[in-house]
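The next block holds one structure in the form of structure tokens; read it before the comments.
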Amino acid sequence: MLSGLLAPKELDKLAPTLPAVLSDALKKSDERQAAISGGDASLEAAHRAHRAMVDALGEARKGDLQAFVRSQLGKLLKEFSTHLKDAEGSLKDIEAKAAERALWIPNMPHESVPVGADASGNVEVRRSGEPPVYSFTPKNHWEIAEALGIIDFERAAKISGARFVANVGLGARLERALLNFMLDLHVRDHGYTEIFPPFIVNTESMTGTGQFPKFADDQFKIEGLEMHLVPTAEVPITNLHRDEILPGEALPVAYVAYSACFRKEAGAAGKDTRGLMRLHQFNKVELVNFTAPEQSYDALERLTASAEEVLKRLGLPYRVVELCTGDLGFAAAKTYDIELWFPAQEVYREVSSCSNYEDFQARRASIRFREGEKVKPRLVHTLNGSGLAVGRTLAAILENYQQPDGTVRVPEALVPAMGVEVIRPPGAPA
RNA sequence: GGAGAGAUGGCCGAGUGGUCGAAGGCGGCGGUCUUGAAAACCGUUAGGCGAAAGCCUCGGGGGUUCGAAUCCCUCUCUCUCCGCCA
């Protein structure tokens with residue numbers, strides 16, 4: 001893994017966008033190449049010479065040479081191979097350091113991405129559904145959930161801490177219904193293959209998708225082990241094909257996976273402290289694609305549409321926003337955020353982030369494909385997007401489907417799984 | 001958790017210090033033969049860097065040696081037996 005990070009051509013391409021220190025180092029890739037395989041003084045030439053001598057000694061080993069000659073040759077070779085190993089060693093060190101640094105270089109935005117400094121530069125692409133009009137003041141989802149007794153914030157804080165919740169009764173059932181609804185939709189109607197992944201992954205996987213090393217502080221690590229709770233199913237699913245060469249005809253590969261997601265939310269102190277918007281543990285259904293480079297932008301549109309379809313069928317108002325360069329994530333080349341309408345605060349909030357990573361993750365995780373017999377393997381493009389975050393979707397349902405009497409209507413698509421059409425407070429007549 | 005055995009090319013499998021990037025088989029691809037196919041026979045069939053020559057890679061890392069797939073250490077993973085367990 002990671003060897004591809006050093007591909008000189010790619011690094012040269014990146015050089016102009018990098019800090020001076022790095023780009024200087026990269027400009028020397030020609031010199032580096034020359035030192036390795038250039039002329040008579042190169043490392044390869046030394047290997048060649050060494051091997052020839054070793055072979056010659058081996059040839060002579062059984063007899064004809066005088067012991068004296070052999071011992072002299074042996075001494076010379078000893079010295080030679082010591083120097084050779086030193087040279088190899090320093091090259092390895094240098095390359096390891098370069099690879100280490102390369103892990104901190106973000107992806108480059110696609111040329112279609114709007115330029116902007118921060119979230120204010122994002123561009124709304126489309127809207128679907130109308131925000132409902134209320135004859136009363138709509139409540140926040142946590143107020144509704146508490147009144148209905150379907151989410152227990154206090155006891156969750158007791159048993160785990162802040163930013164944890166426990167769903168109760170129809171609240172638990174709604175979580176499960178949503179989850180199944182999303183998975184079924186993507187499997188049946190969108191042709192995805194369902195994966196149920198591990199929720200704990202190793203450090204290589206975290207590095208492969210780009211969480212490490214830069215975002216290590218936001219991940220839960222298992223004490224004493226190089227293992228981490230997944231922040232999203234993207235990590236185990238994308239790494240499914242780490243260090244693999246996929247047959248060209250297998251592409252595009254499309255996986256959908258449920259996982260619990262664990263995030264420290266370090267640096268989010270004070271933000272979204274109430275409700276379901278920002279938790280240390282939440283449920284999410286994730287869509288992941290592996291495609292040929294030529295297909296990845298079409299795939300991004302399809303993937304985003306698949307995620308949107310969930311909201312359409314649930315009758316929730318949303319908009320799609322294209323992130324500008326300043327708001328784009330570390331690993332993404334292009335991202336569409338899908339934002340749900342939350343009537344109590346009268347804002348759109350993110351419920352899905354659909355990104356094309358191009359070959360950023362493929363390079364880190366060494367995920368390639370081969371189109372024909374004699375063709376060299378090429379890096380795939382990877383994409384993923386939430387399809388969707390379950391907790392936030394549940395929150396949006398509570399707010400958008402709330403009624404004056406405090407009850408919440410169940411979206412039609414979920415009625416079969418819920419077994420009721422309306423969620424009522426405990427003890428209320430049906 | 002304890003005891004032991006392993007990890008070799010797409011797969012199976014030989015190789016226990018020297019010319020081995022690696023026998024043989026299977027599978028794949030190409031060809032001969034055939035009306036066509038099968039069988040048989042011949043050839044071919046890993047990855048990285050490189051324009052090429054070539055160099056590197058036998059799970060990962062380190063060591064011994066003039067020389068390591070082969071010996072030593074370590075890590076990871078797999079299997080068998082015991083223990084434990086949903």
Side-chain angles (χ1 to χ4, degrees), chain A residues 1-13 26 28-100 102 196 198-208 222 224-228 236 239-250 260 359 362-380:
Chain A
M1 170 168 116
L2 304 182
S3 60
L5 287 167
L6 288 171
K9 282 178 187 166
E10 298 295 330
L11 290 178
D12 286 346
K13 183 183 86 180
L26 298 179
K28 291 181 178 141
S29 65
D30 285 349
E31 288 173 43
R32 172 185 164 275
Q33 190 53 51
I36 293 170
S37 65
D40 292 343
S42 69
L43 195 57
E44 274 191 16
H47 268 128
R48 204 158 32 241
H50 181 238
R51 191 167 181 162
M53 287 188 278
V54 166
D55 286 352
L57 183 59
E59 195 65 42
R61 104 198 99 104
K62 273 169 198 149
D64 302 332
L65 272 192
Q66 299 287 338
F68 171 75
V69 176
R70 259 186 282 162
S71 71
Q72 291 307 304
L73 188 51
K75 276 181 199 165
L76 282 172
L77 268 176
K78 169 83 173 165
E79 202 167 323
F80 191 96
S81 74
T82 304
H83 287 308
L84 190 53
K85 274 182 185 167
D86 284 352
E88 274 182 330
S90 27
L91 178 66
K92 256 187 181 173
D93 287 349
I94 291 165
E95 296 199 324
K97 272 180 197 149
E100 191 67 31
F196 202 114
F199 295 174
I200 295 178
V201 296
N202 56 31
T203 300
E204 287 75 18
S205 293
M206 286 294 223
T207 307
I222 309 289
L225 298 174
E226 286 304 312
M227 310 207 90
H228 316 271
N239 279 283
L240 231 37
H241 294 302
R242 170 154 49 87
D243 295 323
E244 287 186 17
I245 299 173
L246 303 167
E249 60 270 22
D359 64 11
R363 184 184 306 285
R364 290 174 158 242
S366 187
I367 308 168
R368 293 169 294 170
F369 74 107
R370 196 201 313 267
E371 284 166 299
E373 284 278 320
K374 301 283 178 193
V375 189
K376 277 200 172 190
R378 299 160 65 202
L379 292 163
V380 300

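Quick caveat, the model's predicted, so the values are computed rather than measured.
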Report the distance from atom CD of A/E44 to atom P of B/rC56, rounded to the nearest whole Å. 8 Å

Would you mind reading off the distance between A/R368 atom CZ and B/rA46 atom C1', rounded to a whole angstrom? 11 Å

Pairing partner (Watson-Crick or G-U wobble, both distances under 3.5 angstrom) of B/rA38: none

When the C1' atoms of B/rC20 and B/rU57 are compared, how many Å lie between them, rounded to an integer? 13 Å

Integer angstrom distance from the C1' of B/rC77 to that of B/rG61: 15 Å

List for me each residue that meets salt bridge (charged side-chain N to carboxylate O under 4.0 Å, His left out) alongside A/E226, sequence neighbours excluded, and say none if there are none. A/K221

The reported gap from CZ in A/R378 to CG in A/D359 (rounded to nearest 0.5 angstrom) is 10.5 Å

Provide, to the nearest angstrom, the distance between the CD1 atom belonging to A/I245 and the P atom belonging to B/rU45. 16 Å

Could you tell me which nucleotide pairs with B/rU70 by Watson-Crick or G-U wobble geometry, both distances under 3.5 Å, or answer none if nothing does? none

Indicate yes or no: at least one non-hydrogen side-chain atom of A/L246 is less than 4.5 angstrom from one of A/R368. no

Classify the side-chain pair A/R242/A/S205 by whether it contains a donor and acceptor separated by less than 3.5 Å. yes

How about A/E88 and A/L43: do any of their side-chain heavy atoms sit closer than 4.5 Å? yes

Side-chain touch A/I222/A/I200, heavy atoms, less than 4.5 angstrom: yes

Gap in Å between the two C1' atoms, one belonging to B/rU70 and one to B/rU8, rounded: 11 Å

Under 3.5 Å on both distances, the Watson-Crick or G-U partner of B/rG17: none

Using both distances under 3.5 Å as the test, list the Watson-Crick or G-U wobble partner of B/rC26, or none. B/rG10

B/rC29 P sits how many Å from A/R370 CZ, rounded? 15 Å

Using purine N1 to pyrimidine N3 plus N6-O4 or O6-N4 for Watson-Crick, or N1-O2 and O6-N3 for G-U wobble, both under 3.5 Å, which nucleotide pairs with B/rA86? none

Could you tell me how far apart A/M227 (CE) and B/rU76 (P) are, to the nearest whole angstrom? 10 Å

Could you check A/K92 against A/A45 and say which one's nearest nucleotide on RNA chain B is further toward the 5' end? A/A45

I'd like a list of close polar pairs between nucleotides 65-70 of chain B and the protein, N/O only, cut-off under 3.5 Å.
from: B/rU65; atom 1: O4; to: A/K85; atom 2: NZ; distance (Å): 2.4
from: B/rC66; atom 1: OP2; to: A/K78; atom 2: NZ; distance (Å): 3.2
from: B/rG67; atom 1: OP1; to: A/S81; atom 2: OG; distance (Å): 3.4

Integer-rounded Å distance: B/rU76 C1' and A/N202 CG: 10 Å

With rounding to whole Å, what would you report as the distance between B/rG60 and B/rU76 at their C1' atoms? 7 Å

Side chains of A/L77 and A/H50 in contact at under 4.5 Å (non-hydrogen atoms): yes

Measuring from the side chain of A/R51 (C-beta onward, heavy atoms only), which nucleotide among B/rG47, B/rC55, B/rG21 has the closest atom? B/rG21

Given the C1' atoms of B/rG21 and B/rG30, what is the spacing between them in whole Å? 23 Å

With rounding to whole Å, what would you report as the distance between B/rG6 and B/rG15 at their C1' atoms? 16 Å

A/R48 vs B/rC56: side-chain N/O to OP1/OP2 distance below 4.0 Å: no

Round to the nearest Å and state the distance from A/D243 atom CG to B/rU76 atom C1'. 13 Å

With a 3.5 angstrom cut-off on both distances, give the Watson-Crick or G-U wobble partner of B/rA3, or none if there isn't one. B/rU80

Using atom P in both nucleotides, what's the gap between B/rG1 and B/rG50 to the nearest angstrom? 44 Å

Please report the distance, rounded to the nearest Å, between CG in A/L246 and C1' in B/rG47. 15 Å

Give me the distance, rounded to whole Å, that separates B/rA7 from B/rG54 when you measure between the P atoms they each carry. 32 Å

Just so I know, are the side chains of A/V201 and A/M227 near enough to count as touching, which here means a heavy-atom distance under 4.5 Å? no

Output the distance between atom CD1 (A/I245) and atom CZ (A/R370), rounded to the nearest 0.5 Å. 5.0 Å

